[in-house]
Amino acid sequence: MCHMSHDTPHYLHGLNDAQKQAATHIVGPLLIVAGAGAGKTRTLAHRILHLIETGTPAVQILAITFTNKAAKELQERIGALLAGKNTGGVPFASTFHSLCVYILREHGPQIGLSKYFTILDKGDQLSLLRRITKELGMDPKAIAPEKVSAAISRAKADLKGPDQLGEGSNRSWFTDTAAKIWRQYEEELTKRKSVDFDDIILKTVNLLRDRPDLAHYWQTRWQHLHIDEYQDTNVAQYELARLLSKQHGNICVVGDADQAIFSWRGAQFENILHFERDFPGAKVVLLEENYRSTKTILDAANTIIKKNNARVDKKLFTSRGEGDKITLFQAQSESNEANFVVKKVRELTKSGVKATEIAILYRANWLSRIFEEKLLRDGIPYQLLGTKFYERREVKDLLAYIRHALNPDDTESMRRAIASPSRGIGETTVERLVAGKEDELNRGAKEKVEIFRTIVSKIRAKALEATVSDTIKYAIVTSGLETECLKNNEEERLENLRELASLGSKYDEFGPEEGMSRFLADAALVSDQDDLIAATQGVRLMTVHASKGLEFDYIFVVGLEEGLFPHRRFDDSSDPEEERRLFYVAVTRARKKLFLSHAIARTVFGSTQFNQVSEFVGDIDEDLLDRETSYAQEWNFDGGGSPRGGGYGAPRFPRRNPYDQRTDDSGGSNDITWEVFKKR
DNA sequence: CGAACTGAGATTTTT
DNA sequence: TCTCAGTTCG
């Protein structure tokens, strides 16, 4: 064992032995295998504190996370630990994407990238791909842009180019066609001085690889590299980590293979399993003590994950008490399930639980709908993750003006801006503009284009000299979006635009150009979780994926049905072990109590489906469960509801004794539900 | 050119 | 049932 514990510095008191080992091993590679709730952020923060206390300048420390929220949290923890100390700067904590944007902004011009490159989000990328598909004379129905996008993204994550698409055995008509579209797509991106999400990492890796002269700066600027959620890194991110730590070899990664749930977007959790091989001489520390959940929850989690093969065996333990049993609710329908959840939520909040300590988790976004409906009906505040502020139509419209103003080559943004508000410029005109055939414009079109151009150049002039928030405010008016909103009584949209200005004011301090360019990059890179930073109240609704890294006192995992969770589709090559890890992640979000539920009948696409309970539920020890069922027939089992297509020969909606009707419906009239919804 | 309409297809998971 | 891309018509 370790002999250092007697001379542990005072600032590390409060860490357990394993955490201390992790915090004090500062030279060479270090792998921290941190189970769920084992205090990894805490350990990371203290390790950084230790580095600083032992003489490492703060500015030489880099920490990379996946979400802005994680980065911010880490920064705050470190900030609190360092409070009042003069450290001559702060550690650099950032997401992979922000870090790479930072590097690319610095060296962009040296690798042929404009200073004002535009970052395409998923939607931008899709519409560009769709247009290219059509321009190449292909039918977007035959070769879906979504599929092409996924293939490109996956390949870029693997550091592959179009020529390597479908390399080896998977080559097909699809991969060949996708490669063709991809090549065109790259050309269009270059023309527009734009990059997509994956390019941000990819181009940075290429830069560090191909330009040792430039790489040297970054390799020496940061002497200590930390990577959070290492199991979620893809090939490109792994390569980035390797390149950045090349000179000094001081790389510390934290992760947990059991929580790897992003393989579908190229994450290779093998990265964490192979760390010792990839970084010889690595020290490995296991954090197995859980400080988050009750013993009951942890026992359930352990038996669930034990069934997987691809993992390093570890067993979480806690010194906390047994806690409540896990409630398992069998619902008759999705409406019944939602009523149950809402009823429990109401009971909890009534007993003094803060709504923000309750989260409802589901496998797929569309499941949120019914919960929203019921929460709304009962007037319970909630916050839905997954609808990003920056993806709202009006917000994208406004940003399009600014992006196009600063990057005139960004014709995607131009298309968007020109069409909103509508100003009588149609497709023909736009196509001529993009093609540079201005002489073919007729007189009327020319005038309208001139008006649009004037607007854009005014915004550009403003952006180059005013603060970020002032530019946004100016653009709201000048673009005509304000008038448009007022005309259509779209108060809320206008509110959102004003909100955008106030978000932008955080960047005012950087001055005009720098501030705006940071703002635009951040706007493109916000994650779902980042919405949580701002929200201060309400029950949280989100997918299990989005809940990663978060914790709540009370967790509801809903829709636990075969086919749904674990999710299965026909064409599917998905990994059943990953579904199980996903469930493991869901369960381990809970501190105090866990509720699981499934519905016997569920409406999908307007027809009723009958589902078996998820196999995962069966993996939990019966002793840990508290079963509840409702025989209540809902008032509105969603209209006509004659079960079509299910084909299971299942019975129609179970008919029940009318006296049971209100057992879980708590008297809420469903008429209200409909009314509220129609108004929305 | 753009509003209004129509019909098909859709629901994994996301930085 | 809902959404969105594509089409029609004024």
Side-chain angles (χ1 to χ4, degrees), chain A residues 64-71 94-101 119-123 125-127 130-131 134 139-141 144-146 149-150 153-154 156-157 196-201 229 232-234 236-237 260-267 361-370 385-386 388 391 418-430 442 444-445 448 521-522 524-530 542-548 559 563-572 574-575 578-579 581-583 585-586 602-609 638-641 644 677:
Chain A
I64 312 178
T65 63
F66 273 85
T67 65
N68 294 305
K69 181 171 187 284
S94 125
T95 65
F96 271 102
H97 292 266
S98 309
L99 169 71
C100 290
V101 169
I119 301 169
L120 259 61
D121 69 18
K122 202 87 217 155
Q125 189 195 29
L126 278 179
S127 60
R130 177 165 290 116
R131 185 152 6 75
K134 282 190 238 163
D139 181 5
K141 274 178 193 142
E146 292 80 8
S149 153
S153 173
R154 194 52 200 274
K156 282 185 176 176
D196 63 27
F197 280 156
D198 305 292
D199 283 335
I200 294 172
I201 313 281
E229 307 278 18
D232 287 336
T233 50
N234 59 32
Q237 288 156 337
I261 56 175
F262 286 108
S263 71
W264 51 272
R265 72 170 192 220
L361 309 183
Y362 34 80
R363 175 65 236 260
N365 267 312
W366 58 273
L367 286 163
S368 70
R369 191 174 220 134
I370 184 82
L385 270 81
K388 290 184 203 160
E391 277 172 16
I418 222 166
S420 181
S422 56
R423 44 171 59 84
I425 300 177
E427 211 193 312
T428 333
T429 308
V430 173
N442 59 43
K448 289 174 192 155
D522 288 354
L525 298 174
V526 285
S527 74
D528 279 352
Q529 286 194 3
D530 300 329
M542 66 192 96
T543 63
V544 182
H545 283 92
S547 76
K548 174 99 177 286
L564 230 193
F565 197 179
H567 194 269
R568 271 185 235 303
R569 3 181 28 180
F570 319 99
D571 57 329
D572 175 27
S574 78
D575 178 3
E578 180 143 316
E579 288 294 314
R581 290 194 292 268
L582 195 54
F583 185 55
V585 166
R602 181 176 298 278
T603 312
V604 182
F605 297 147
S607 62
T608 306
Q609 243 183 39
D638 304 307
R644 273 183 293 152
F677 263 78

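First the proteins, then the strands, lettered A, B, ... as listed; each starts at 1.
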| task | Check whether any side-chain nitrogen or oxygen of A/R568 sits under 4.0 Å from OP1 or OP2 of B/dT13, and answer yes or no. | result |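 For B/dT13, neither OP1 nor OP2 has a side-chain N or O of A/R568 closer than 4.0 Å.
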Would you please name every residue forming a salt bridge (charged side-chain N to carboxylate O under 4.0 Å, His left out) with [X], sequence neighbours left out?
X      : answer
A/D232 : A/K548
A/D199 : A/K156
A/R363 : A/E579

Atom pairs, N/O to N/O, protein against nucleotides 6-10 of chain C, distance under 3.5 Å?
{"residue": "C/dG6", "atom": "OP2", "partner": "A/K134", "partner atom": "NZ", "Å": "3.4"}

| DNA chain C: stems of at least 3 consecutive Watson-Crick or G-U pairs, cut-off 3.5 Å? |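 Counting only runs of 3 or more consecutive pairs, the stems involving DNA chain C are B:1-10 with C:1-10.
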What residues form a side chain to side chain contact (heavy atoms under 4.5 Å, CB included) with [X], not counting sequence neighbours?
X      : value
A/D139 : A/K141, A/A142
A/L367 : A/Y362, A/L564, A/R602
A/A521 : A/V101, A/R105, A/I119
A/A144 : A/E146, A/K147

Filtered N/O pairs between nucleotides 2-5 of chain B and protein, under 3.5 Å:
{"residue": "B/dG2", "atom": "OP1", "partner": "A/G424", "partner atom": "N", "Å": "2.5"}
{"residue": "B/dG2", "atom": "OP2", "partner": "A/I425", "partner atom": "O", "Å": "3.4"}

| request: Taking ring-ring contact (aromatic ring centres under 6.0 Å, His included) as the test, write out the residues that go with A/F583, two or more places apart. | output: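 Only A/F565, A/F616 meet the ring-ring contact (aromatic ring centres under 6.0 Å, His included) criterion with A/F583.
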| request: Just jot down the ring-ring contact (aromatic ring centres under 6.0 Å, His included) partners of A/F197, sequence neighbours excluded, or say none. | output: none
| Is A/F605 stacked on the base of C/dT1 when the test is centres under 5.5 angstrom and planes under 30 degrees? | no
| query | Going by 5.5 Å between centroids and 30° between planes, is there a stack of A/H545 over B/dT13? | reply | no
